[in-house]
S.K.: 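After the structure tokens below, expect a handful of questions from me.
For this chain, numbers begin at 1 and follow the sequence in order. Please read all numbers here as calculations on a predicted model, not as lab measurements.
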Amino acid sequence: MMAMSSWFSRLRHSSKSLLTISTPHFLRSSSTNLLKTSTTNSGSSKTPFPFWSLPIAVAVSAAAGSLALYPQSNLPRCEPPNPNSRTEFVVKGSHKPVPQELVNELKAFCKDNMTMDYEERYNHGKPLNSFHKAVNIPDLVVFARSEEEVCKIVKLCDKHKVPIVPYGGATSIEGHTLSPHGGVCIDMSSMKNVKALHVEDMDVVVEPGIGWMELNEYLEPYGLFFPLDPGPGATIGGMCATRCSGSLAVRYGTMRDNVISLKAVLANGEVVKTASRARKSAAGYDLTRLMIGSEGTLGVITEVTLRLQKIPKYSVVAMCNFPSIKDAADVAITTMLSGIQVSRVELLDEVQVRAINIANGKNLPETPTLMFEFIGTEAYSREQTQIVQRIVSEHNGSDFVFAEDTDAKKELWKIRKEALWACFAMEPDFEAMISDVCVPLSCLAELISRSKQELDASELVCTVIAHAGDGNFHTVILFDPNKEEHRREAERLNHFMVHTALSMEGTCTGEHGVGTGKMKYLEEELGAEALKTMKRIKVALDPNNIMNPGKLIPSHVCF
């Protein structure tokens, strides 16, 4: 999903326009004013430090001593929480120039694989598909070529207390790769080798820079594939960091279910291997799952061992229409409760179908639409299709069509795959704010219905795209980036959907991650103690706070 947005955005922004970029308006503000704003917003906490046993107190004191070496403005440890805070489109941060000594040390072994060119730094500091920006961009970009190089880079940055931002396919949309404090951006795109393929074990060892689509092209001759499909452009390392999923998650699970083990470079430059290649293990803490979803705040992923699947022998793609969004969601829920093992259940609302018609010159009925994919043997796939057809007819569904021919299936599925790109056909000059909420499956119909009432009443163009089989749905909210009232309305709609999902014991992010955009919702969702535990882990593994600082954990969290 988010990867599609990145791909489309890159097409819309030509290299010619990038060459003529002047200093962005959010970078033209005086540094004095930006720092004043940051200072005014931070403040110091008067919360008393809790009583600890002596060993823990010593450890925490040591970590605090290390943290004190880093500029306090770069680590607002105890900002007062602001329950009424709005989305920060421009992420604040203070900036400490990178020491020339570090630049010289990096150049000694990186040579031509590093740059301080403004255009390159700007491109790495502002993903094109994200509406988030930051007051700063990276001071330099390093293109890592091996795990050994990553270790050297991280050790040097830790030595000089300089922030690190890992960078993969740049497909994230919640500000994961922003550099609000400047520092070093480590571009992992050159590390894209397949290190080992074990066909009989159905696993593969890869470097983090390889894209999932590239990987599947490599695996196809062996009859295998990697089953996550977040959209073109996403790389395996970034998919691990954000704990992504995609339309196939309803059958195969998310990234955490499909990674057997990984290697990561910690903040001190040491490499940790999280597990063996065995399919199951009870050996100690589950460090693999700790790293997955950590968004570069605990380490830089340098190797991943992935679980693979056999390419299905047969599949059927089906599509049907409904008079209301609730009817469509109810069919998705009923289908899952029936025990049918579908591989995809995707929902498109009538606005999204209209966008597809405009973009592709089609004449599809502009009503809420469900799409299914059934896989397995020919007999099994057909049987499941017939069962779902009966369920559809019992819930006011109509126009049930299905395809078994390869080309026909591709044509039907192309409708879903191009859904996000199609949105921009309605408003070519607008930006997209993409929501990402997920609730228990039984709550999905109510959540979508309540959200649709708000979306339809808004002046903005809003579409709904749902992974309806696992309770996850997105809205694409198109807004004019030059109109502040549009930004605020997009923010209001997103805020409404998040809080509605949280009221149903759901989550503010089903698959896009936290970054900077979703931090303000975490305490309401997880509770203060969970965030304090995360902060303790972060301080223990990264005492100098160099690993993607300002992401994932809200700055007001203390322990």
Side-chain angles (χ1 to χ4, degrees), residues 1-3 5-6 76 79 81-93 127 129-134 165-166 170-178 180 230 234 238-245 254-256 292-298 431-439 447 451 465 467 470-477 479 487-488 490-528 530-535 538 547-557:
M1 173 83 182
M2 55 186 175
S5 180
S6 174
E79 279 190 359
N82 181 3
N84 298 315
S85 64
R86 300 174 304 179
T87 299
E88 291 293 341
F89 296 109
V90 179
V91 181
K92 298 178 177 66
N129 63 320
S130 173
F131 56 86
H132 294 291
K133 301 177 177 68
V165 179
T171 60
S172 59
I173 63 172
E174 292 295 350
H176 299 85
T177 58
L178 295 177
M239 291 164 68
C240 288
T242 56
R243 199 192 307 163
C244 83
S245 51
T254 69
M255 202 67 184
R256 70 180 181 185
I292 294 175
S294 62
E295 301 185 6
T297 62
L298 301 180
E431 289 187 11
M433 181 184 290
I434 306 173
S435 73
D436 171 38
V437 292
C438 188
V439 292
L447 173 63
S451 298
I465 308 171
H467 305 309
D470 48 21
N472 184 201
F473 94 94
H474 309 291
T475 56
V476 179
I477 306 170
F479 67 96
R487 283 188 178 275
R488 294 307 169 200
E491 176 190 346
R492 183 189 71 81
L493 293 171
N494 183 58
H495 191 73
F496 172 84
M497 286 180 284
V498 168
H499 280 282
T500 303
L502 294 181
S503 72
M504 299 175 177
E505 298 184 275
T507 177
C508 65
T509 173
E511 58 186 8
H512 290 171
V514 176
T516 59
K518 293 292 178 69
M519 284 195 296
K520 59 183 174 292
Y521 301 119
L522 289 193
E523 186 162 355
E524 181 181 350
E525 178 175 334
L526 300 174
L531 296 183
K532 289 178 183 178
T533 302
M534 292 182 193
K535 189 65 171 278
K538 167 72 170 171
M547 307 301 288
N548 212 6
K551 316 291 173 60
L552 191 63
I553 304 173
S555 58
H556 69 267
V557 175

S.K.: Donor-acceptor pair, distance only, cut-off 3.5 Å: does the side chain of E295 make one with the backbone of G515?
M.R.: yes
S.K.: Side-chain contact, heavy-atom cut-off 4.5 Å: D436 with E511?
M.R.: yes
S.K.: Which is it for I553 and T297 under the side chain to side chain contact (heavy atoms under 4.5 Å, CB included) test, yes or no, and what are the steps along the way?
M.R.: CA-CA 9 Å; I553 304 173; T297 62; 5.8 Å; no
S.K.: Can you name the closest pair of heavy atoms from V165 and H176 and give their distance?
M.R.: CG1-O, 4.3 Å
S.K.: Hey, mind stepping through M547 and L298 against side chain to side chain contact (heavy atoms under 4.5 Å, CB included) and telling me if it holds?
M.R.: CA-CA 6 Å; M547 307 301 288; L298 301 180; over 6 Å; no
S.K.: I'd like to know if the side chain of E525 and the backbone of C508 have a donor-acceptor N/O pair within less than 3.5 Å.
M.R.: yes
S.K.: Flag the pair S451 / T475 as yes when at least one side-chain heavy-atom distance between them is below 4.5 Å, and no otherwise.
M.R.: no
S.K.: So, taking the atom named CG in L522 and the one named CG in L552, what distance separates them when rounded to the nearest 0.5 Å?
M.R.: 6.5 Å
S.K.: Can you confirm whether S435 sits close enough to V498 that some side-chain heavy atom of one is under 4.5 Å from a side-chain heavy atom of the other?
M.R.: no
S.K.: Between E523 and A528, which heavy-atom pair has the shortest distance, and what is it?
M.R.: OE2-CB, 3.7 Å
S.K.: Show the nearest heavy-atom pair for residues L178 and N548, with the distance to one decimal.
M.R.: O-OD1, 4.2 Å
S.K.: Working to the nearest 0.5 angstrom, can you tell me the gap between C244 SG and M255 CE?
M.R.: 5.5 Å
S.K.: Give me the atom names and distance for the closest heavy-atom approach of A134 to V90.
M.R.: C-CG1, 4.2 Å
S.K.: State which residue, out of R492, E491, H499, fulfils the side-chain hydrogen bond (donor to acceptor under 3.5 Å, both in side chains) condition with H495.
M.R.: H499
S.K.: Within this structure, what is the NE2-SG distance for the pair H512 and C438, rounded to the nearest 0.5 Å?
M.R.: 11.5 Å
S.K.: Looking at side-chain heavy atoms only, is the closest gap between M534 and V557 below 4.5 Å?
M.R.: no
S.K.: Do you know which two heavy atoms are closest between P554 and M519, and how far apart they sit?
M.R.: CG-O, 3.4 Å
S.K.: Work out which heavy atom in A432 is nearest to a heavy atom in F479; give both atom names and the distance.
M.R.: C-CE2, 4.0 Å
S.K.: Do K551 and P180 have side-chain heavy atoms sitting under 4.5 Å apart?
M.R.: yes
S.K.: Kindly compute the distance separating CG (L526) from CG (L502), expressed to the nearest 0.5 Å.
M.R.: 9.0 Å
S.K.: Can you list the steps and then say if H474 with H467 is a side chain to side chain contact (heavy atoms under 4.5 Å, CB included)?
M.R.: CA-CA 8 Å; H474 309 291; H467 305 309; 3.4 Å; yes
S.K.: Would you say that E174 contacts V514 through its side chain, given a criterion of any heavy-atom pair below 4.5 Å between the two side chains?
M.R.: no
S.K.: Which distance, rounded to the nearest 0.5 Å, do you find between the NZ of K520 and the OG of S555?
M.R.: 12.5 Å
